[in-house]
Amino acid sequence: MCLVGTVDTGRDITLARFQEEKDRRELSMASYRMWTGINAQLDPKVLIPITVEKKGEKIYLVTSKEPLPLGEFILFTIIPDVAAMAKANQASSLGGYDFGNHAK
């Protein structure tokens, strides 16, 4: 995938695989426990290893390190600080592009 003009640095790009349900796609961003509080991070099991190559000013080529498995994915262009947003009682908003890799 090639991104143009959406990010300032390749470090802002992350690829994750959705958990697919019958009528929806989900991606856990945080969990809450009474004694430990908020744990806000993407589960490392859903992250897809990628390489990001800068091709020009705000132009990046994003390539998975291994062939993508079948499924639904999201390419985040920025991962917000979910823990800080939750502590501040703000709604979280994510920027990204979702796409699927399906058998023919």
Side-chain angles (χ1 to χ4, degrees):
M1 182 174 288
C2 184
L3 296 176
V4 180
T6 58
V7 294
D8 293 325
T9 173
R11 292 186 308 250
D12 296 335
I13 300 170
T14 304
L15 181 62
R17 185 173 182 195
F18 282 112
Q19 176 183 341
E20 295 179 60
E21 299 296 332
K22 184 177 180 181
D23 60 346
R24 65 187 180 280
R25 297 172 294 178
E26 298 177 347
L27 187 62
S28 296
M29 296 291 293
S31 62
Y32 178 81
R33 294 189 177 168
M34 183 179 289
W35 303 113
T36 59
I38 297 170
N39 178 16
Q41 65 182 14
L42 286 170
D43 184 344
K45 292 183 276 185
V46 302
L47 296 177
I48 304 294
I50 59 173
T51 59
V52 179
E53 183 181 348
K54 187 171 185 169
K55 293 293 195 175
E57 185 63 30
K58 293 191 176 189
I59 300 173
Y60 297 91
L61 179 64
V62 180
T63 308
S64 62
K65 291 186 177 181
E66 296 189 11
L68 286 179
L70 298 179
E72 300 285 325
F73 301 87
I74 184 164
L75 183 76
F76 290 112
T77 53
I78 293 178
I79 297 291
D81 185 347
V82 178
M85 295 173 94
K87 286 179 183 177
N89 199 24
Q90 294 178 348
S92 61
S93 175
L94 299 173
Y97 304 91
D98 62 326
F99 64 94
N101 182 27
H102 302 284
K104 292 183 180 183

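Quick caveat, the model's predicted, so the values are computed rather than measured.
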Checklist entry - Cluster question for you: counting only ILVMFWY and a side-chain heavy-atom cut-off of under 4.5 Å, with indirect links fine, are F76 and L61 together? => result no

Item to check | Heavy-atom closest contact (K55 atom, E53 atom, distance) | outcome: NZ-OE2, 3.0 Å

Checklist entry - When I50 is tested against each of I13, T63, T14 for side-chain contact (heavy atoms from CB on, under 4.5 Å), which residue passes? => result I13

Item to check | Heavy-atom side-chain contact between V62 and L15 under 4.5 Å | outcome: no

Checklist entry - Can you tell which of Y97, F18, F99 makes a ring-ring contact (aromatic ring centres under 6.0 Å, His included) with F73? => result F99

Item to check | Least distance between heavy atoms, P69 atom then N101 atom | outcome: O-ND2, 3.1 Å

Checklist entry - Around E66, counting heavy atoms of other residues, nucleotides and ligands shown, do more than 12 lie under 6.0 Å from its CD? => result no

Next on the checklist: Donor-acceptor check, side chain of E20 to backbone of E72, threshold 3.5 angstrom: yes or no?
Outcome noted: yes

Checklist entry - Is a side-chain N or O of R17 found less than 3.5 angstrom from the main chain of L70, in a donor-acceptor match? => result yes

